Amino acid sequence: MTALHAKAVPGPDMLVRLENVTKAYCTGTLHVQALDGITLRIAAGEYVAIMGASGSGKSTLMNILGCLDRPTTGAYFLDGRPTSRMTSRELAHIRNECIGFVFQSFELLPRLTALRNVELPLLYSRTGWRECRAAAGGALQRVGLEGRMNHRPSELSGGQRQRVAIARAIVLNPSVLLADEPTGNLDSKTGDEILDIFDAIHAQGQTIVMVTHEPDVARRAQRVIRMRDGLVSSDLPTEKDDVCAVAATGDPVLKGSK
């Protein structure tokens, strides 16, 4: 099977560029080819959803995009920089300064207030404490939590905790925001409110890449990349993606079906 070369929509310079990326894991005699030659482009300012069944390679792809793992072969360029050649220290700097992470399980420190949780990425930058406090407060205001800054995670609802996680992810104005099933632990109403926040952040120019298995979530994006067996099986604008089109229209018949 050959890789489908994913194409970005026309727009600004490419922020994310993967060139024939593979990822293999070997445990004893077991060899797993998680990615099998991914060539991918994501432009600055795009909102992209990644979908696929368990084992399709979408989580491995996100780990590489987030500089949490390295390709076995191939190259990954983030904003023109060849991350595949970076040292562990350089990758840590890229993760802190250029990439924001939002996880399904929030990943907040339970003993810290919302404000202190959001300040954490700033502690690794050369920013004075007053500037840290102001930036963290501003990020919480952007997600509508200015009245909950001094509450700990246990004193917040699930939706509020995810808002804190989003504020933490955007506090350093990252080049790209990576979200892994960000509504997975939330009810549908709260999930829609979180997705509204992502929409607003994207409208302000933020590049977003979101992993989801839910068509209703994916259709919020501009573009849907589908993974299968370690390859990109389709890469379409949201309105042309069959499952997302059905989710949007309620039509039980897939576009193009007979």
Side-chain angles (χ1 to χ4, degrees), residues 15-16 42 44-50 58-59 61-69 78-79 83 91-110 112-125 127 131-146 148-149 151-153 156-186 190-212 214 217-218 220-222:
L15 177 65
V16 168
I42 297 174
E46 275 198 280
Y47 187 170
V48 176
I50 298 176
K58 64 183 186 299
S59 296
L61 176 59
M62 283 290 275
N63 285 341
I64 289 175
L65 292 177
C67 295
L68 297 168
D69 206 351
L78 179 60
D79 203 13
T83 64
L91 287 174
H93 176 77
I94 288 290
R95 286 193 298 270
N96 188 58
E97 298 286 338
C98 302
I99 304 171
F101 296 92
V102 179
F103 302 100
Q104 178 178 345
S105 54
F106 318 132
E107 302 297 338
L108 302 177
L109 294 183
L112 298 184
T113 64
L115 187 64
R116 295 296 300 277
N117 266 286
V118 176
E119 285 178 342
L120 286 175
L122 296 161
L123 299 180
Y124 299 96
S125 64
T127 307
E131 291 82 2
C132 286
R133 185 61 49 89
L140 284 166
Q141 288 178 354
R142 287 179 68 186
V143 300
L145 276 188
E146 57 270 23
R148 295 288 187 273
M149 293 187 186
H151 288 65
R152 290 182 172 81
L156 301 173
S157 68
Q160 289 171 335
R161 277 178 273 175
Q162 192 60 293
R163 287 173 187 247
V164 175
I166 295 170
R168 181 184 58 193
I170 64 174
V171 70
L172 280 170
N173 297 312
S175 300
V176 59
L177 180 62
L178 303 180
D180 190 359
E181 301 282 4
T183 62
N185 284 341
L186 305 174
T190 305
D192 284 342
E193 292 171 355
I194 293 300
L195 292 173
D196 288 343
I197 292 174
F198 279 104
D199 288 346
I201 292 170
H202 173 246
Q204 295 165 357
Q206 178 67 60
T207 306
I208 301 174
V209 180
M210 181 183 295
V211 162
T212 181
E214 300 178 53
V217 174
R220 296 284 193 122
Q222 298 170 307

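FYI, side chains are in, hydrogens and waters are out, and symmetry mates aren't considered; it's all heavy atoms of this structure. All residue numbers refer to positions in the sequence shown, counting from 1. Treat the numbers as computed from the prediction; the structure is a model and nothing was measured.
Partners of Glu146 by side-chain contact (heavy atoms from CB on, under 4.5 Å), not counting sequence neighbours, listed by chain and number: Gln141, Met149. Among residues two or more places apart in sequence or in another chain, the ring pair (Phe, Tyr, Trp, His ring centres under 6.0 Å) test is passed with Phe106 by none. Residues forming a side-chain hydrogen bond (donor to acceptor under 3.5 Å, both in side chains) with Asp196 (at least two apart in sequence, or on another chain): Arg220. Qualifying side-chain hydrogen bond (donor to acceptor under 3.5 Å, both in side chains) partners for Glu193, counting only residues two or more places apart in sequence or in other chains: Lys189. In this structure, the salt bridge (Lys or Arg N to Asp or Glu O under 4.0 Å) partners of Arg133, at least two apart in sequence or on a different chain, are Glu119.
Judged as a side-chain hydrogen bond (donor to acceptor under 3.5 Å, both in side chains), the pairs with a partner in residues 162-181 (not counting sequence neighbours) are, in order, Glu181-His213.
Checking side-chain atoms of Asn63 against main-chain N and O of Leu68 turns up no donor-acceptor pair under 3.5 Å. In this structure a side-chain-to-backbone donor-acceptor pair under 3.5 Å is present from Arg95 to Cys67.
Here the CG-CG distance, from Leu108 to Leu156, works out to 8.0 Å after rounding to the nearest 0.5 Å. Going from atom CD1 of Ile170 over to atom CD of Gln206 covers 7.5 Å, rounded to the nearest 0.5 Å. Here CG of Leu112 is found 8.0 Å from CZ of Arg152. Values are rounded to the nearest 0.5 Å. Distance check, rounded to the nearest 0.5 Å: OG1 of Thr190 to CD of Gln160 gives 9.5 Å. Taking CG of Leu186 as the reference point, atom CD of Gln104 lies at 8.5 Å (rounded to 0.5 Å). Taken from CG in Leu78 to OG1 in Thr83, the straight-line distance is 7.0 Å, to the nearest 0.5 Å.
The minimum heavy-atom distance between Leu122 and Ala135, with the atom names listed, is CD1-CB, 4.0 Å. In plain terms, the two heavy atoms of Leu172 and Asn96 that are nearest each other are CD1-O, 3.2 Å. Closest non-hydrogen pair, Leu115 versus Ala136, comes out as CD1-CB, 3.6 Å. The minimum heavy-atom distance linking Ala221 with Ala49 is given by the pair CB-N, 3.6 Å. Val102 and Ala169 make their closest contact through CG2-CB, 3.7 Å (heavy atoms, listed as atom of the first residue, atom of the second, distance). Gly100 and Pro174 get closest at one heavy-atom pair: N-CB, 3.5 Å.
Side-chain contact between Gln204 and Arg142: present, with at least one pair of heavy atoms (C-beta onward) separated by less than 4.5 Å. With a 4.5 Å cut-off on side-chain heavy atoms, Pro153 and Asn117 count as touching. Using a 4.5 Å heavy-atom threshold, the side chains of Ile42 and Val176 count as separate. In this structure the side chain of Tyr47 reaches within 4.5 angstrom of the side chain of Met210, judged on heavy atoms. At a threshold of 4.5 Å between non-hydrogen side-chain atoms, the residues Val16 and Thr207 do not count as touching.
The number of heavy atoms from other shown groups lying within 6.0 Å of CZ (Arg116) does not exceed 12.
Test Ile166, Leu140, Val118, Leu120 against Val171 for side chain to side chain contact (heavy atoms under 4.5 Å, CB included) and you get one pass: Val118. Among the candidates Leu65, Ile99, Leu177, the single residue satisfying the side chain to side chain contact (heavy atoms under 4.5 Å, CB included) test with Val209 is Leu65.
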